[in-house]
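Just below is one structure, and these are the notes that go with it.
Counting starts at 1 for both ligands and their atoms, in listed order. The structure presented is a predicted model; accordingly, all values stated were derived computationally and were not measured.
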Amino acid sequence: MGYDSHRFAAGRALILGGCRIGHTEGLAGHSDADAVLHAVTDAILGAIGADDIGQLFPDTEPAFAGADSAVFVRHALKLAEEKGYRVGNCDVTVIMEAPKLGPHKRTIRANLAELLRVGEDAVGVKATTNEGMGAVGRGEGVVALAVVLMVEC
Ligand code: MG
């Protein structure tokens, strides 16, 4: 399982699951701040007992500034493959008040399927609000949760 959260920030693009979403604000972060791909990366890394995304890709490393977070997922997949595992399926939940993720869910699902090298029927993308509760409920940021099932190659 993987968890990630990023704050909204002005002057940044909002990118979730590799999909650029039109919005008044984007997410603050060292890379492209794609909380979905960060959660997926950590889910894969955790399942194979590897270091987490923060250890492998520190935000003090200039090489990762503005990085496409697909790079992190691909690296995690490579580490998994070296241990004899690939992703069997993946489920993601995004929690944010706005914008609505609905119109982008199919694109995100297709992106994840391609990235994880599984069929789209092995990827779930769900979205919910936090019902106005807490920081996410006040629209201060986004939370992403991911679960992956790893299977032997
Ligand atoms: Mg992150």
Side-chain angles (χ1 to χ4, degrees), residues 1-81 85-87 89-118 123-130 133-150:
M1 64 168 289
Y3 168 98
D4 195 31
S5 61
H6 282 261
R7 288 175 183 275
F8 278 116
R12 295 270 303 179
L14 176 58
I15 300 171
L16 290 171
C19 177
R20 184 178 274 256
I21 297 170
H23 191 51
T24 49
E25 294 182 297
L27 294 173
H30 184 61
S31 64
D32 65 3
D34 188 329
V36 169
L37 295 192
H38 294 181
V40 169
T41 299
D42 254 352
I44 297 166
L45 293 172
I48 59 164
D51 287 340
D52 67 28
I53 189 171
Q55 292 170 286
L56 290 176
F57 305 104
D59 61 10
T60 49
E61 172 55 60
F64 305 134
D68 175 352
S69 293
V71 167
F72 308 147
V73 178
R74 290 195 190 100
H75 184 77
L77 290 171
K78 185 169 157 282
L79 294 180
E81 205 174 293
Y85 289 95
R86 62 179 174 81
V87 171
N89 57 44
C90 171
D91 190 23
V92 167
T93 299
V94 178
I95 309 160
M96 65 178 177
E97 299 298 303
K100 291 292 178 199
L101 201 68
H104 309 286
K105 276 159 70 171
R106 288 183 70 146
T107 302
I108 293 171
R109 193 172 174 223
N111 287 348
L112 286 173
E114 186 183 357
L115 202 48
L116 301 175
R117 286 174 263 141
V118 297
V123 178
V125 176
K126 305 188 300 296
T128 184
T129 70
N130 213 36
M133 295 182 289
V136 172
R138 290 190 294 273
E140 293 175 18
V142 173
V143 163
L145 305 164
V147 175
V148 295
L149 178 72
M150 304 301 290

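- Residue Y85 places its OH atom among 12 or fewer non-hydrogen atoms of other residues, nucleotides or ligands, all under 6.0 Å distant.
- The distance from the Mg ion (ligand 1) to the nearest N/O/S atom of D4 is under 2.8 Å.
- Per residue H6, closest N, O or S atom to the Mg ion (ligand 1): atom name NE2.
- Nearest N/O/S atom of H38 with respect to the Mg ion (ligand 1) is recorded as ND1.
- Proximity of a side-chain donor or acceptor of E97 to a complementary backbone N or O of N130 within less than 3.5 Å is detected.
- By the neighbour-count criterion of 12 heavy atoms within 6.0 Å, atom NZ of K126 is densely surrounded, having more than that number from other residues, nucleotides or ligands.
- E81 pairs by the salt bridge (Lys or Arg N to Asp or Glu O under 4.0 Å) definition with R117, not counting sequence neighbours.
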